[in-house]
Protein chains: 8
Amino acid sequence: MTTTERPVVGIVMGSDSDYPVLEPCIQTLRDFGVPFTVEVCSAHRTPEKAASFAGSAREVGYKVLIAAAGGAAHLAGAIAANTTLPVIGVPCPSTLNGLDSLLSTVQMPAGIPVATVAIGSAGATNAALLAIQILSLSDSSIEAQLIEHRKKMAGKVAAKNEEIRRKLSGA
Amino acid sequence: MTTTERPVVGIVMGSDSDYPVLEPCIQTLRDFGVPFTVEVCSAHRTPEKAASFAGSAREVGYKVLIAAAGGAAHLAGAIAANTTLPVIGVPCPSTLNGLDSLLSTVQMPAGIPVATVAIGSAGATNAALLAIQILSLSDSSIEAQLIEHRKKMAGKVAAKNEEIRRKLSGA
Amino acid sequence: MTTTERPVVGIVMGSDSDYPVLEPCIQTLRDFGVPFTVEVCSAHRTPEKAASFAGSAREVGYKVLIAAAGGAAHLAGAIAANTTLPVIGVPCPSTLNGLDSLLSTVQMPAGIPVATVAIGSAGATNAALLAIQILSLSDSSIEAQLIEHRKKMAGKVAAKNEEIRRKLSGA
Amino acid sequence: MTTTERPVVGIVMGSDSDYPVLEPCIQTLRDFGVPFTVEVCSAHRTPEKAASFAGSAREVGYKVLIAAAGGAAHLAGAIAANTTLPVIGVPCPSTLNGLDSLLSTVQMPAGIPVATVAIGSAGATNAALLAIQILSLSDSSIEAQLIEHRKKMAGKVAAKNEEIRRKLSGA
Amino acid sequence: MTTTERPVVGIVMGSDSDYPVLEPCIQTLRDFGVPFTVEVCSAHRTPEKAASFAGSAREVGYKVLIAAAGGAAHLAGAIAANTTLPVIGVPCPSTLNGLDSLLSTVQMPAGIPVATVAIGSAGATNAALLAIQILSLSDSSIEAQLIEHRKKMAGKVAAKNEEIRRKLSGA
Amino acid sequence: MTTTERPVVGIVMGSDSDYPVLEPCIQTLRDFGVPFTVEVCSAHRTPEKAASFAGSAREVGYKVLIAAAGGAAHLAGAIAANTTLPVIGVPCPSTLNGLDSLLSTVQMPAGIPVATVAIGSAGATNAALLAIQILSLSDSSIEAQLIEHRKKMAGKVAAKNEEIRRKLSGA
Amino acid sequence: MTTTERPVVGIVMGSDSDYPVLEPCIQTLRDFGVPFTVEVCSAHRTPEKAASFAGSAREVGYKVLIAAAGGAAHLAGAIAANTTLPVIGVPCPSTLNGLDSLLSTVQMPAGIPVATVAIGSAGATNAALLAIQILSLSDSSIEAQLIEHRKKMAGKVAAKNEEIRRKLSGA
Amino acid sequence: MTTTERPVVGIVMGSDSDYPVLEPCIQTLRDFGVPFTVEVCSAHRTPEKAASFAGSAREVGYKVLIAAAGGAAHLAGAIAANTTLPVIGVPCPSTLNGLDSLLSTVQMPAGIPVATVAIGSAGATNAALLAIQILSLSDSSIEAQLIEHRKKMAGKVAAKNEEIRRKLSGA
């Protein structure tokens, strides 16, 4: 557990080698003050742990689960098969640039959804934001933070815009 | 509006030709008794309507938005850019079998997530279920329905299993 | 169970809609007189059944398991994660022509192999033959059948050759 | 604004990280003396700015707009949805080598065209040249420059040809 | 020649089998009253005709050329190599669903742009609209028509919206 | 021959440049004490050797053959065509990231199976494990080793889990 | 043998199901009066026949070999490995639209070339024409036929052009 | 011209940046003593030169032409459209790993074949060997060299085999 509050987001990754991909996810949850946990837990190498973690997640108090894996990326689907909580899948880069990870994560059969985000670290950031958007439905302070976050992003774009204009006019 | 209750899920489709793809989504929401609306609204042909629909969706009382589109499928991203509600993207079949729709929907930049599901009608069913899972976080009766739904699915698999065994033993 | 002998090959399919794809697999096992069972069993809709089937398969007497699924085809991997028996994966056709099924089946992480064959019914035939080749290692009568089968195939190619020559010379 | 003349080409990029890709576009416009502006402006992070920039572009005096973005590259489509000016889309490199950027840019629905060029910096150069070709329709001095530019390119090819022949004959 | 006015748009197709793909292009040009010509002319089977058509197109009075081809679709590039007019490429469907046609048309080297639109008939419509947008830069009546056309499209979306709402409320 | 015992696994690689890919395969076989041989032998450059190696493999005492190749990767298929032993194919990385190697290895016609594993070194490890699983069917000591190996893998995942939790709580 | 003259082109196909794909190849050779033979001969089901056919082809008097196969299409490579004659590969349609057939045929390792043509019947026609071009190097009458054939193709394009103009002017 | 003899192979490349890819082609032709020329000549930047080079190639004494290009790789097709000599296409690496180059080169329409080889330098070597195989049809000394070359390749494979066995037995 990474905060003293009860964690509401559970992050699982198929291998510790996926950790760098997930760092912006972890950072974003911290920035929003959302309590979370991180597990290394493989759909293939520790299937029982994956199933039991998912199976008890709702009861334990989690609201959203995030699963990151690469290649034949079954982790998010294996988690989703064992819980009725919303599960977000992050496809990690692979020998095929993550195309296999993406298709293995997103092409789930009718009945068991995985909310899939982009391949790699952009997807990892967005997994956190999607979890936060879901949490915001019952917490207006988080909603306010999201609005603030959007403004900051727009501000950064505007700042970059100014920077490039200066560079170009000085060139 | 399709029910007398206040709608909590807003479905938008880029073209009325996407309607057949979305039918299992609509049916699933009805099965769970979730009030919803359906709009035809294009990111490209009616961009202002898409932006204003998304921009006011939270205030109006929506909890989750579902956007379906094909080809250069920008609708889910355009909706997501204008709301902090969770947005689910359904990639519709296309000349490239929906691969373009999938990549256009899922490969969002850091900052604006789209919760992407499978291409076509399996994805449409799952978009509804994902919305329902999100709604279940603050409504334990929906949670109970989801558990029931999982049991029914497992039951159908078991029934199919019996049917195939009978067919094989009689063959 | 389809024969009075103890089954040695266990076929599982993710959905009964995969049955037509598997028919040449079933027929090939019958042609070789190999006792087998067939289960409909989903990695996502009945994950516990998949895990328990795989977990007890070796003890029950199975020698080889064959798993067929489409889309985010996790079934073979989920079976393989729960047994040390050899597991053969058959990628079924899908909205993406089975490319997603193939990648989801074959791109397994180091540690848990899935012996993947071709997409669709050619793969289904070959799944049976691969299982039979494995069984032949400890049963020389099966080995003899395999040699016979190869001769028959070569004979069919020769017959087709004659037929086409006749067609061409008569044209 | 980068020149004292009224700009006729408006370049927008989804992120300042796309700037290096666009440099040959900017250089080519400068080489031809075409006045232009550059904006950082995201279809997702600053959708209103993108819409308002596009919406007023014709009135302000722009003749052609160039939009560069990567991944789920909606910028060109979002610009095109809000103007009747010709819009050129440059797909930027991505985790999938720009294939997602290309499909997101080019596969527009009937009604809203985006004139798509090659992925990356070859496309960026060609976006400028395409804009210049369009401007040349009402400006014969630009037409003369284009003819000159083609001759120079042919000359460079001939020079490279000589260089390689010398290298080979000396080898 | 299809009208008594001097044609300003020249359509070339690589094979008469591409004609059905181009029909919405032809219809759109007619709807806007833009005079055009249509040629069957192959980059591979009639390379000289393609080169001479392109080489004289500007002089003859054309403003924009549209080239449609499938497979190793070189026609647009071969046309573009021989003129400084803007050239629009329409990738036609093929054994690979038009992916080869798209890549052969869009991935042009720096120096010779082809303004590529979507695969198939959506792209054909958009080729016409893109040509019309280019023509509108020097003809305000065409600009007015484009604005009208956008309104009509938005109106159709709204009508479809109503239709679907009626269907749903009556269901 | 690499051990004093009679080899039961025969590894063939299409080129010595594939050797680094196969190293985890070789290491895994050593870890399990399985006697094996390694040959460089090309389906294209030494077709007769490939055919004669495969043709005599069963008689010589091999139980499983592993073939690794890249690009138009025919080696596994060429081996499989000349033996009734189970043949495992390892697709090696290539200019197309191994996608060509994968498809050339896995898409075998009905009649001649190749048990295909993942692209690159994960696949190489799994080729060894799959061979070991097959050998375990008639050797309960190998079965025991496999169970031990699974436990070790699970242990490593748990250790990595602890490590990441420590890192996160200390961060 | 299909003519009384000594055959100079040898066509082999991996399966009689590839025959319809090859028909335009056969017809083109007949149109040019080139004597040829056709064999059904599989790299996998009859590997010895494929090797011996190729191994004696030069001696027997063949000048060019054409091999057509689908999926993991090894036939052309297997033929090329056993002869120094030029070998032309025709990738046949497959579950993956022939993409696997194409990559399996064209991505040959340095040392053993296969002259690959387009997927399907366009490729089959071109395989014949390529063989004829090769034969024309030592037979000026064939060269004359090729020039005639090009003229006819150009004539057909011109005729189609007229037809479409008539259709359009009459519309 | 690179030798005092009359050149029989003409190599053209679309850009001097393709030169490193072609080096093994040039080296192979030198090894066999085949006189050749090299031209930089672009289908798009110097279309007339490409057409006139191809148009006069047969008359000038060339027997085989080799064309290398990347991206929308039209060079081989443009050469083939203007000659009845056999034309070999080498797809060069690109932003899409050469997949676009391959499809643009190989997917030629019925009537104008391009003999396509593998992407990159393996293909470049094979382009030379294919040209040499064609030349060998009328020159038995070249045929003898080809047989020698095959033996050398087989010898190299055998040497590598020994090396790896030594490494493994010493490990």
Side-chain angles (χ1 to χ4, degrees), chain F residues 13-18 40-56 67-84 87 89 91-116 119, chain G residues 13-18 40-56 67-84 87 89 91-116 119:
Chain F
M13 67 186 90
S15 158
D16 64 305
S17 65
D18 299 326
V40 183
C41 161
S42 164
H44 300 122
R45 283 171 287 204
T46 57
E48 282 166 37
K49 187 184 159 193
S52 74
F53 173 80
S56 65
H74 300 182
L75 186 57
I79 294 292
N82 287 285
T83 185
T84 56
V87 176
C92 292
S94 67
T95 49
L96 291 173
N97 294 322
L99 186 65
D100 47 357
S101 322
L102 170 59
L103 296 178
S104 301
T105 301
V106 79
Q107 286 289 74
M108 292 290 290
I112 308 290
V114 167
T116 306
I119 299 165
Chain G
M13 67 186 91
S15 159
D16 65 305
S17 65
D18 299 326
V40 182
C41 161
S42 164
H44 299 123
R45 284 171 286 204
T46 57
E48 281 166 38
K49 186 184 159 193
S52 74
F53 174 80
S56 64
H74 300 182
L75 186 58
I79 294 291
N82 287 286
T83 184
T84 55
V87 176
C92 292
S94 68
T95 49
L96 291 172
N97 293 323
L99 186 64
D100 47 357
S101 323
L102 170 59
L103 296 177
S104 301
T105 301
V106 78
Q107 287 289 75
M108 292 290 289
I112 308 292
V114 167
T116 307
I119 299 164

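Below, read A as the first sequence line, B as the second, and so on, with proteins coming before strands; counting in each chain starts at 1.
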Tell me, for F/A54 versus chain G, whether the close heavy atoms (under 4.5 Å) come from the side chain, the backbone, both or neither. neither
Residue by residue, which of residues 43-52 of chain G have a heavy atom closer than 4.5 Å to a heavy atom belonging to chain F? G/A43, G/H44, G/R45, G/P47
Considering only heavy atoms, which portion of G/A110 lies under 4.5 Å from any heavy atom of chain F: side chain, backbone, both, or neither? backbone
Checking G/H74 side chain against F/M108 main chain: does a donor-acceptor pair fall under 3.5 Å? no
Could you pull out all residues at least two apart from G/L96 that satisfy side chain to side chain contact (heavy atoms under 4.5 Å, CB included)? C/N97, C/L99, C/I119, F/L103, F/Q107, G/S94, G/D100
G/T84: which residues meet the side chain to side chain donor-acceptor pair (under 3.5 Å) condition with it, sequence neighbours left out? G/R58
By side chain to side chain contact (heavy atoms under 4.5 Å, CB included), which residues pair with G/A69, not counting sequence neighbours? G/A73, G/L75
Under a 4.5 Å cutoff for heavy-atom pairs, which residue among F/S15, F/S42, F/G77 has the most contacts with chain G? F/G77
Whatever's closer than 4.5 Å to a heavy atom in chain G on F/S101 counts as neither
